[in-house]
Engineer: 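Could you have a look at this structure, given as C-alpha cells, before my questions?
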Amino acid sequence: MALAFCGDEGNSTAYNVDHGVLNNGCFVDALNVVPHVFLLFITFPILFIGWGSQSSKVHIHHSTWLHFPGHNLRWILTFILLFVLVCEIAEGIVSDGKATLVLYIHVAFFLNDYLINIAIVYFCNSLLFYWTLAFITKTIKFVKFCDNGVGFSQLRFCLTGLLVVLYGMLLAVEINVIRVRRYVFFKSPKEVKPPEDLQDLGVRFLQPFVNLLSKGTYWWMNTFIKTAHKKPIDLKTIGKLPIAMRALTNYIRLNEAFEAQKVCKAWNHVRSRSIWRALCCAFGRPLLLSSTFRILADLLGFAGPLCISGIVHNVGKGNNTIRPQVLSVLEFLSNAYVLAVLLFFALLLQRTFLQASYYVAIETGINLRGAIQTKIYNKIMQLSTSNMSMGEMTAGQICNLVAIDTNQLMWFFFLCPNLWAMPVQIIVGVLLLYYLLGISALIGAAVIIVLAPVQYFVATKLSQAQRSTLEYSNERLKKTNEMLRGIKLLKLYAWEHIFHSSVEETRQKEMTSLKSFALYTSISIFMNAAIPIAAVLITFVVHAHLTRKADFSPSVAFASISLFHILVSPLFLLSSVVRSTVKGTLLVPPPLTVYFCLSGFSQPLKVVNRKRPAREDWNNYSSHTRRPINITEADDFCVKITNGFFTWTPEGPPALSNIDIRIPQGQLTMIVGQVGCGKSSLLLAILGEMQKISGNIFWSRKRGSVAYASQKPWLLNATVEENITFESSFNKQRYKAVIDACSLQPDIDILPHGDQTQIGERVSKQLWASIFDDPFSALDIHLSDHLMQEGILKMLREDKRTVVLVTHKLQYLPHADWIIAMKDGNIQREGTLKDIQKSETELFEHWKTLMNRQDQELEKVFDDKTVLERTNLRRTMYSREALLKDDEEDEEEVTESDDEDNLSSVLHQRAKMPWRACGKYLSAAGILLLPLLILSQLLKHTVMVAIDYWLARWTSEHAIFHTGIFNHSPYSKMFSILCCLGIVLCLVTSIAVEWTGLKVTKKLHSSLLNKIILAPMRFFETTPLGSILNRFSADCNTIDQHIPATLECLSRSTLLCVSALAVISYVTPMFLIALVPLAIMCYFIQKYFRVASRDLQQLDDSTQLPLLSHFSETVEGLTTIRAFRYEAKFRQKLLEYTDSNNIASLFLTAANRWLEVRMEYIGACVVLIAAVTSITSCLYRKLSSGLVGLGLTYALMVSNYLNWMVRNLADMEIQLGAVKRIHGLLKTEAENYEGLLSSSQIPQNWPDRGEIQIQNLSVRYDSNLKPVLKHVNAHISPGQKIGICGRTGSGKSSFSLAFFRMVDTFEGRIIIDGIDIAKLPLQTLRSRLSIILQDPILFSGTIRFNLDPEKKCTDSMLWEALEIAQLKHVVKALPGGLDAIVTEGGENFSQGQRQLFCLARAFVRKTSIFIMDEATASIDMATENILQKVVMTAFADRTVVTIAHRVHTILNADLVIVMKRGVILEYDKPEVLLEREDSVFASFVQADK
C-alpha cells in the first residue's frame, strides 16, 4: 500500500489552497499535528532526565503521590479523549477506500496517544501550552467543518466537536492547577508536602494514593505480587494501614455518626433504625460510589450481546459497508470490525467498573468491621463480672459477636450495591430480549422468573440447613473440646467409649443436617445450570414454531443466549441478596444494640455494670473510671467497707452480707474460711466487680493500679517476660528478684527461647501481686513456703506494700498483721491473731489444731524439680513450636538433594499445587463415585457444546433458506433432546459432587476421631490442644462445606474455559496462534497469584486469631485488667490487632482484584481476537454466521469464567491444606488396647482383694527419655492405706500412672491380685481401678452425669458418695438436685467444690483399689481432715494409695513410701520413720507443722 501525506502524489487537489489555506483540509489536519510535535520535543528530554535521576525513596513518592488537584478528573477526561481518538482513527480507516494510506488522518492520533499518556503519568508545566495549542487547532478544524456544511449526521463532525470540548476541559483543569498551586506565572509557588502516609515508608498499601489508572488496574500491586513469589508474605511485608483506614479513624467516624443520631428524638424509640442511619451516615458515601460503578458495569455488560448480534448480522450480509466518503454514525457502527473493537473496549471498561465496585464495597465493609469491633471492645471493658460468672455473657458469645456478626454486617455492605443494581440489570435484559425475540422472549423470561421463588425457597432451606449444621457442629466441638481437655481422666476411668459415642451421636445429627445442606446445595447448583437451558429451549421452540415469520437468524439466537446468561445470575442472586439483607437488618443489630445504644449505665441491662459510666471518646480512655469511689484522708487503712451488701445479679440474693471490714495500710491481711464461704467474692467486691446493694467502700487515697492474682491462672498469649512484667516498665533487678521469689528460673532455663518463649497455656505457678486469691492451691509445701517467704514476706511486706491474701494454708496465719475470717458470706471475725485468740478461743483452738505450726523462719527450700517434669515442659514447648512450624510447611515430599535447603527449592515448593492431598481427598470417595464424578462432568460439558453447536447449525440453515417455509421440526426435536439430556446431566453432576463430599467428610472425621481417642497420653502432652481442636473444627468445616463447593466451581469453570477455547479454535483455527501467548500470560499470572493469595489468606486467618484471642483474653482477665487500670493499654493492643487483620484483608482483596482485572482483560483479548479472526474467516473463507455467533458467545464465556478458574484453583490449594493436616494426624500410633488375656480368663470381680506387688519396676514417658521410676519394689497388702510423699518431681504421680499403664513400663511388672496388669486389656484394667487427680475436671451436663456417666448407679449410691464428699447439702440446695446443670468446666462451682465432686466421682466406682493423687490440694484443711477420716473409715476394706500434698494427711497410713528421683528412699510404717533421726519423712513432717 502506497503512503502519501495528503493522498495520491498525482492528486493536486489535495494541495490546492486557492480558497485559502484554512480551507484546505489537508493543511488543517497537518496543523493539528503541530501541538503534538511541540510537546514531543519539549517534554521528552525532561521526562528522560527526570525518570533517570529519581532515587528509590523519591520514586515511591513520584509514583504514588498525586501532586496536583483534579488529577482524577484529568485521567477521566484523558480516557475519554483516547477513546474519541481511537474512533477518529477507525473512522479514517473505514472511510479510506483507496489503496493509498493517507497519513494526515493517522499521524495526529499516534502522536496524541503517546504524548497524552506520557504527560499524564509524569506531569509537566508544558501541558498548559500543549492543551492551549491543541484546543486552538482543533477549534479551527471544527469551525471549518461548520463553514463547509458538515453537520451532526456525519461522524467526523461529532468527533471533532467532542475533541474541542475535551481539550477545552483539560485546559481549564490545567489553569485551575496553576491558580491553586501558583505555578508558571507566580514567583513563589505553593509548597506542598506529600501526605503523612507517603512520608512513612512503612505504609505499603497504596491504593488510596495512586493515580486512576493504577487504581483501576491495581498496577501498584505488581511489585508486591512479584515480591511474594520470592519470599513469604508476613506482617512486615504488608506494612501499616493508611491513617484514614485505621480502626481508630473509622471508630471516631462511626462514633460521631452515633452521637449525631442520639441527638434525634427518635433514638430512644427506634434504636435499630437509628443504628442503620448512623452506619449509613458514616459509611454510606463509598457505598453510593460502589453502586454507581456496579450499575455502569451492568449496563456495559449488555454491549456483549448487542455487539454479537451486530457482528453476526453484518458478516451474514458480507460486511459491505465500507465507503470512501465521510461516514455517519450508523454507517460506522454497521462495520463488523468496528463492533469488535467497541466490544473489546466495552469489556475492558465493564470489568474495570465491576472490580472497582467490588473493591470499594469490600473496603467499606472492612473499615466498618474494624470500627464496630473497636466499639464492641470498648463496651466489653465495661462488662460486669456477674455477667460472665452467671453465664449471661460468655467468651464464646462475645467471640461469635466479633467473628460472625461483624463479618455478616461487613458482607451485607458488600452486597448492598446489588440491591439496586440487579433490578436495573433485569429490566434492561428483559427489554432487550423482547426487542430481539418478541413475545417468545417473555415466555422464556417468565420461566426464569417463575422459578426464582423456587430458588429463593431452596436458598432459604439451604440457610436453615447451614444454621442447623452450625448448631450441631458447635455442640460437637463443645463435646470434643471437653473430651480433649479431660482426656487423661477419660483414659484413667476407661470412659473413652462413652465420650466417643457422645461425639459420634452429635456427629450423626450434624451429618443429617449436612445431608440436607448437600441436597439443597445440589438442587441450587442444578437449577443454576439447568434453568438457562430450559429457558433457551422453551424460548427458541416457541419462537420457531409459533412465530414462523419471525427472525431466527444466528445473530438473534446467540445474542439471546448471551442475554439469558446475563439474566440468570441477577434473578437468582437477587433472592439471596434480599435474604442476606433481611438477615443483616433483622438479625445482626440486636446483639450489637446492646453495645451501641448506651449513653449511660442507668438503664436496666444485665450485660453491663449499670454503675459504670460510658466513655465514647477514644481520647478519654486513659482517664476511664468505672464507678464513684469514696476517698478519705485516713492513713490507718487502705480499704474500708461499712455495712456492705453485695450480689452477683440484681434479682438474686446477696452473696455477701453485713460486710464491715478494714484492710490496714502497708500490712499483710489474710482472709480465711471454708470452701464456698465467699473469700474470692470479697476480693472482687473490694475491686468493685460485684453489684453493690448497699453500704460504702472507702479508699484511703485515690484508687490507682492494684496488682491482683486471681485463683484461676490467667496468662496472655505473649512471652514469659511480657506475662511477668504485664505492661509495666522493665526493671531488670526487680524482674530477676521476682523470678527468684517465684522459683521460675529453672523453668525459664529449659524453654526454647528462655523468657522470650511464647506461652499461651496454663502454667502451675502464680506470680506475685498485692491481692492474692489462694495462690498456694496448686503448689506443694516447699514452693508455697518459698513463695511466702521470698515473695510475700520479703519483697512485698518489707516494701510496706498493702497485701491481701486469701489462703487455706492456716500455718501462715502467724505471719499475718490482720486476719479476716469468713463464714457463709459473712464476716465471722477480724483482727490480729492475738485478738482472735482472746475473743474467739474456740475458733483459735480450731485453727491451732489445723495448722499446728511454730512461728519460726523456715529454711530456704528450693524447688528441686527432677529431670522428668522439666523434660516434660521442654518437650511440650519445643513440640508446640515445631507443630506451629509444621502447619506452615508443605507436607509434600521433596526429593533430597544437595540444595534442598536452598531458597529456590523452598519457593518451588510454595508454587506447587498439593496434588497428593487432592488425590487423597478424591480417593476417599471410593472407586464408584470418583469415575461417576469425572464422567458426568465431561459428558455434561460435551452435551452443552453439542446444544450450542446444534443451535448454530439450525440458525445457519434457517438463514440461508430463502424459498418456502422452513421446517423447524427436525432441528427443534434434536435441540430438545440435547437440552433435556443436558438438564439430566446437570442434576447428576451436582448430586455426584455433593455425594462425594459427604462420603469423604464422614470417612475422614470418623477416622480422625477414632485415631485421636485411642492415641497415647504422650501425644496429648506434646501436641497443643488448640492444634488438635482445629482439626475437628476449622479443618472439618472446610472439608464438610467448602471443598465440595470449590471442587464443583473449579471443575465447572475449568471445563467451560477448555470447551470454549476448543470451540473457538474449531471455528477459527487461526485463534490458536494467539492462544499461545495468552496461555503463557495466564500461566504466570495464576502462578504468581496463587502463591500471594495463599500467603495472604493464611495471614488473614493468622491475624484474626490474635484478635479473637485478645477478645477472649480480655473477657477472661477482665477483673485483673481493671484492677491494674490497664484498660487503655489493652485497647491500644486491640487497635493494633484490628489494623493487622484489616491490612491483611485489604491486601487479599486487592490481590483478588489484581487477578480478576488481568484475567478479564485477557478474556477481553480473547473476545477481540476471536471476533477479528471469525469476521475474517467469514468474509474470506465463507464461514457460516452461526459458527461466528457460536465462537463469540463462547469467547464471552471465557471472559466470565477465566478468573473464576484461577480463584477456585487458589481456594482449592488453601482448602486442601485441611486434608493434609488431618492425614498428618491419622498417622498417629494408637495405644495397644488389646491384652494377652481374654475376658473369660479375667475374674468378674477382679480385683476383689486389692493386693499389689511391684517387682523391679522401671518406667519412662517415652523410649527416648530417661526413666522416671527405677527398679521400684514394693508389696501392698489387701486393705492397706499407703501414703506416698516426696518433693515435686520425685516420681509420685508417675508411680500412680504406672498402675494404669499410662507410662511405658520397659522393665519389671505390677501384679494385682495375682494377675500381671501388662496382660490385661487396657479397657478392663482401667475400669477396675479408681483415681482422683490433682486438677479437678468436670464436664458440662448434670451432676448425675459427672458422677456416673456409665449410668450404673442408683440415686441412693450417688447421694451416699456426695455425703462422703461433704457435698450433699450443696447439691440438695440446687434446683434439680442430681439433675442440676454443671456448666462447661464446672465454672458455676468453686475450685474446692469441683475437687470434692471429683472425690465423689471416685467414691461412686467402689473399686477395691483407690488412688488419690494430691486430690485435696484445693480444699481447706478442715474439709481435708474430715475427708481423710471418711476415707479411712468408709474404705477400711479397700486398698488406698494416697499421694500426699500435705504430709500430715498420711500420718495415719499403714505404710509410707518416700520417693526421690524415681527411687524409693524410705518404705516403712510412719511411726517407725518418725522415730528415726535421719528420716527424710520426719523432716517433711517437721517442715509441715
Side-chain angles (χ1 to χ4, degrees), residues 4-8 11 13-36 77 79-113 134-170 303 306-307 310-311 313-314 317-346:
F5 191 79
C6 291
D8 295 337
N11 184 10
T13 58
Y15 302 92
N16 188 356
V17 293
D18 294 340
H19 299 287
V21 176
L22 294 179
N23 288 323
N24 184 279
C26 178
F27 177 82
V28 174
D29 286 324
L31 189 63
N32 278 270
V33 179
V34 173
H36 314 316
L77 293 174
F79 287 142
I80 299 173
L81 177 62
L82 292 177
F83 176 74
V84 173
L85 291 171
V86 170
C87 292
E88 190 177 42
I89 191 68
E91 190 270 345
I93 293 173
V94 172
S95 63
D96 189 5
K98 300 181 180 179
T100 303
L101 184 62
V102 183
L103 289 181
Y104 78 85
I105 299 177
H106 312 295
V107 170
F109 162 73
F110 289 114
L111 286 175
N112 206 350
D113 182 32
F135 176 72
I136 293 171
T137 55
K138 194 59 67 174
T139 303
I140 292 172
K141 183 175 180 178
F142 182 75
V143 170
K144 289 303 172 184
F145 276 162
C146 294
D147 292 343
N148 295 324
V150 179
F152 286 101
S153 61
Q154 295 181 350
L155 179 63
R156 193 170 296 179
F157 177 85
C158 298
L159 294 177
T160 305
L162 281 173
L163 288 173
V164 171
V165 174
L166 291 171
Y167 283 134
M169 294 179 71
L170 286 165
L306 294 177
C307 288
I311 291 171
H313 176 74
N314 290 327
K317 298 194 305 181
N319 202 38
N320 298 318
T321 59
I322 299 179
R323 301 179 182 180
Q325 295 86 10
V326 177
L327 297 175
S328 67
V329 176
L330 292 177
E331 289 171 339
F332 180 71
L333 293 178
S334 64
N335 185 280
Y337 288 106
V338 170
L339 288 174
V341 175
L342 288 177
L343 175 59
F344 172 71
F345 279 109

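The analysis underlying the following values was restricted to heavy atoms, covering all of them including side chains, and did not include hydrogens, waters or symmetry mates.
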Engineer: Taking atom OG of S328 and atom CG of L333, what is their separation to the nearest 0.5 Å?
Structural biologist: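 With rounding to 0.5 Å, OG (S328) is 8.5 Å from CG (L333).
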Engineer: Check side chain to side chain contact (heavy atoms under 4.5 Å, CB included) between L159 and all other residues, then give those that pass, not counting sequence neighbours.
Structural biologist: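 Expected list: V84, C87, E88, E91, L155.
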Engineer: Below 4.5 Å, heavy atoms only, C-beta onward: do L162 and L81 meet side chain to side chain?
Structural biologist: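 No, their side chains stay 4.5 Å or more apart.
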Engineer: Just wondering, do L343 and L306 contact through their side chains at under 4.5 Å, heavy atoms?
Structural biologist: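 Side-chain contact under 4.5 Å: no.
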Engineer: Hey, what do you get for CD1 (I140) to CZ (F135), rounding to the nearest 0.5 Å?
Structural biologist: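 One finds 10.5 Å between CD1 of I140 and CZ of F135.
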Engineer: Rounded to the nearest 0.5 Å, how far does CG of L82 lie from CG of L77?
Structural biologist: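 Here the interatomic distance stands at 11.0 Å.
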Engineer: Between F345 and V86, what is the shortest heavy-atom contact and its length?
Structural biologist: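 It is CE1-CG1, 3.8 Å.
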Engineer: Verify side chain to side chain donor-acceptor pair (under 3.5 Å) between S334 and E331, making sure each step is shown before the conclusion.
Structural biologist: CA-CA 5 Å; S334 64; E331 289 171 339; over 6 Å; no
Engineer: Does the side chain of N314 reach to within under 4.5 Å of the side chain of N335, using non-hydrogen atoms?
Structural biologist: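 Contact flag for N314/N335 side chains = no.
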Engineer: Which value, rounded to the nearest 0.5 Å, describes the distance between K138 atom NZ and L163 atom CG?
Structural biologist: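 Here the rounded value is 5.0 Å.
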Engineer: For F142, enumerate each residue passing the ring-ring contact (aromatic ring centres under 6.0 Å, His included) test, keeping only those at least two apart in sequence or located in another chain.
Structural biologist: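 F142 satisfies ring-ring contact (aromatic ring centres under 6.0 Å, His included) with F157 only.
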